[in-house]
Amino acid sequence: MAPAKADPVPKAGFDLDSVSALIHMGQLYLLQHREDRVGVAYPNCWGLFGGACEPGESAADALHRELMEELSLALTSYTPLMTCTYDLWFEGRRTRKAFFGIELSQAQAQALVLHEGQGMAWLSFSEVLARADRFVPFDLGMIALH
């Protein structure tokens, strides 16, 4: 048996601390079609809206900021769902992602303005599954749990 190797990712600290918003209206989920360019994680894939926390920023504050930046959505309520830590050994980094649930009314949904990504769409779970091969894997798992 080969000697044990040290974990490729340190056990403390994060390379990325981020938030994701599971935005839904009834049984439909609002998804972002991510940009297809260098520097974007999972380019040209579908996923939840959100992004990185700034230094010293709480997850809730990052959620408010990201949704205003990406959708012009002034968040009035949300439900904390789950925080996950991913040791991405294949990338040599450690990521923490906090997921929040947000239910929108029809009027709120109609007022959204897309500022980031190629597009957005309201999809049912079966439509999400049909795109599973073009989906951010962590976000797909969160929708499945919802």
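Just so you know, these numbers use all the heavy atoms, side chains as well, and skip hydrogens, waters and symmetry mates. Since this is a predicted model, take the numbers as computed values, not measurements.
- Between A98 and A59, the shortest heavy-atom contact is CB-CB, 4.2 Å.
- Contacts of Q108 classified as side-chain hydrogen bond (donor to acceptor under 3.5 Å, both in side chains), with partners at least two apart in sequence or in another chain: S105.
- The side chain to side chain contact (heavy atoms under 4.5 Å, CB included) search around Q106 returns M25, Q110, not counting sequence neighbours.
- Not counting sequence neighbours, the partners of F100 by the ring-ring contact (aromatic ring centres under 6.0 Å, His included) test are Y78.
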Side-chain donor-acceptor distances from residues 118-126 under 3.5 Å, at least two apart:
unit_1, atom_1, unit_2, atom_2, d
Q118, NE2, R34, O, 2.7
Q118, NE2, N44, OD1, 2.8
S124, OG, S126, OG, 3.1
S124, OG, E127, N, 3.3
S124, OG, E127, OE1, 3.2

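- Taking all atoms of both residues into account, the shortest heavy-atom contact from C53 to V19 is SG-CG1, 4.0 Å.
- Inter-residue side-chain proximity for L114 and L112 is flagged as unmet; no heavy-atom pair is nearer than 4.5 Å.
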Please tabulate, one pair per line, all N/O donor-acceptor pairs under 3.5 Å involving side-chain atoms of residues 132-146, not counting sequence neighbours.
unit_1, atom_1, unit_2, atom_2, d
D139, OD1, K97, NZ, 3.4
D139, OD2, L48, N, 2.9
H146, ND1, Y29, OH, 2.9

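- The side chain to side chain contact (heavy atoms under 4.5 Å, CB included) check on E69 picks up R65, E66, E116, with sequence neighbours excluded.
- Nearest heavy atom pair, residue P43 against residue D36, reads CB-OD1, 3.8 Å.
- Under the side chain to side chain contact (heavy atoms under 4.5 Å, CB included) criterion, T85 pairs with F14, R94, R96, not counting sequence neighbours.
- Two different hydrophobic clusters hold M68 and L104 under the rule that ILVMFWY side chains link at heavy-atom gaps under 4.5 Å.
- Note that CZ of F99 and CE of M82 are 7.5 Å apart. Values are rounded to the nearest 0.5 Å.
- Among residues at least two apart or in separate chains, there is no salt bridge (charged side-chain N to carboxylate O under 4.0 Å, His left out) pair with a member in residues 38-53.
- The hydrophobic cluster of V38 has no other members, since no ILVMFWY side-chain heavy atom comes under 4.5 Å of it.
- In summary, of the residues considered (L22, L71, L73), a side-chain contact (heavy atoms from CB on, under 4.5 Å) with L30 occurs for L71 alone.
- I23 contributes atom CD1, which lies 13.0 Å from atom CG of L28 (distance to the nearest 0.5 angstrom).
- Partners of E103 by salt bridge (Lys or Arg N to Asp or Glu O under 4.0 Å), not counting sequence neighbours: none found.
- Here T95 pairs with R93 under the side-chain hydrogen bond (donor to acceptor under 3.5 Å, both in side chains) rule; sequence neighbours left out.
- Linking ILVMFWY residues whenever their side-chain heavy atoms come closer than 4.5 Å, directly or via other members, places V128 and Y42 in the same cluster.
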